[in-house]
Amino acid sequence: MTSRRIIIFFFCLSLNIVHAEEKPVVKSINDLKRLPSRIAFGSCSKQFKQQPILSKVVKKQPDLFIYLGDNIYADTYDMKVLRDKYQELGSKPEFQALRENVTVLSVWDDHDYGANDAGKEYPKKVESREIFFDFWQVPPKSPRRTRPGIYGSHEFSANEKRLQVILLDTRYFRDPLKRRDKDQSANASWKNDYQPDPDPQKTLLGAEQWKWLEQEFRKPADLRIVCSSIQFGHSYNGWESWTNLPNEQQHMFDLIKSTKANGVVFISGDVHWAEINKRQPKGHYPIYDVTASGLTEEWHNVEPSTFRIGEAYRDNHFGMFEIDWMTDKPSVTFNIIGLDGSIKLQHSTTLDALKFTN
Ligand SMILES: [Fe+2]
C-alpha cells in the first residue's frame, strides 16, 4: 500500500469510528426537570415485529415511558446476537420517535436479560448488563452502573410534592425457581411451570438490593412507582412471579410497613395481558399492581386472579398513570390504553388513600 493510500485508509477508518459512535438524539432522564404527571409504561416487545403501539404512546405525550422488560427477545448466550437484537429495536422508526419525544427508563426481564425464565445462574449476566446500560443510554455516572445488577431510582419534586420511581432488578440475583412436580398430579393446586417455594434461603432481589430498597422506602415520597418486570400482586397461577417465592413477597409487604413507605404502587409486565390487582394485607393501605404487558404481544388464556379489579385486557396495549398533583387531594388514575388509543381499563385513587393511618 502506498503512503497516500494508507492515509486515505486511516481517514476512512476514522470516519467509520465516528459514525459508529453517533447516537440518535434522545431525551435523557437528566432533561426531565419537572414533576411528571403522565407516566406511560409497557413491556413484551418483539424486536422483529412492527410496533404501532409506540406511535400511540407518543401521541399521548407522556412525560416518561418505562420499559418493564422483555423489551427485546434475545434468548442467547452470544453477546453479538444480543447487541444485534437491541439494534433491530433501535433502528425502528416508531422506537426512534419514542426516544426523541419521551424520556425513557427501563428494566429488564428474562428475554432481554438473556434467557427464558433465567435468574442469577445466567452465565452472561455481566456482559448483558453492560449492553443493557449502553442501549438504554443510562448515564455513565448513574449509580446503577456502580454495583451489580441494574436496579436504581429517580426522584422528582415540585411544590412539596414528590414522586419516586424505583427500578427493580428481578433477574440478576434471583435463585432458581421450584418447578411444578408434574408427577404429583394428585396435587392439583399447582399448575403451569412453577409452584411456590417456601425455602427461606431463596432470594428474589438479593441481600444488597433489599438493603438499598429499604433506604429508598425511608425517603419521603407522595407516590412511589415500583417497577417490577414480573407480577407482584396477583393470585398464584404457576407462571413466573413474586408468588413463586412467597417469603420474598411477604418481605416486600413487611418492608413497606416497617419503613412506613406511603404511596407504593407496583407496575409490572411479562404475562402478555393487562390487569389491575389490589392487595390489602392486615394493617396496610391498598397496594396496587398495574400490569401492562402487550406492546407487541397478546395472550388469550388469561389466568384468574382473586385480587383483580374488573376484567383483564388481552390485546396490544400500554399503561399510563395520570397524576393530578394540583388539587387539595392529589390523585392518580391507572389507565390501560389499547391500539386504537382508547382506554380499556381504568381505576383511580387519591394519594391520601395510599397512606398508613398510624
Ligand atoms: Fe418475561
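Every value quoted in this text rests on a predicted model; they were computed, and no experiment measured them. Counting starts at 1 for both ligands and their atoms, following the listed order.
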Does [X] reach the main-chain N or O of [Y] with its side chain, forming a donor-acceptor pair under 3.5 Å?
{"X": "K85", "Y": "I72", "value": "no"}
{"X": "N247", "Y": "P198", "value": "yes"}
{"X": "Y113", "Y": "G119", "value": "yes"}

Do NZ/NE/NH1/NH2 and the carboxylate oxygens of K46 and E297 come within less than 4.0 Å?
-> yes
How many angstroms lie between OG1 in T76 and CG in L82, if you round to the nearest 0.5 Å?
-> 7.0 Å
Determine how many protein N/O/S atoms sit closer than 2.8 Å to the Fe ion (ligand 1), leaving waters out since they are not shown.
->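 Atoms of protein N, O or S type lying less than 2.8 Å from the Fe ion (ligand 1) total 4.
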Geometric cation-pi criterion, K278 with F307: 6.0 Å, 45° |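 Geometry flag: not set, cation outside 6.0 Å or 45°.
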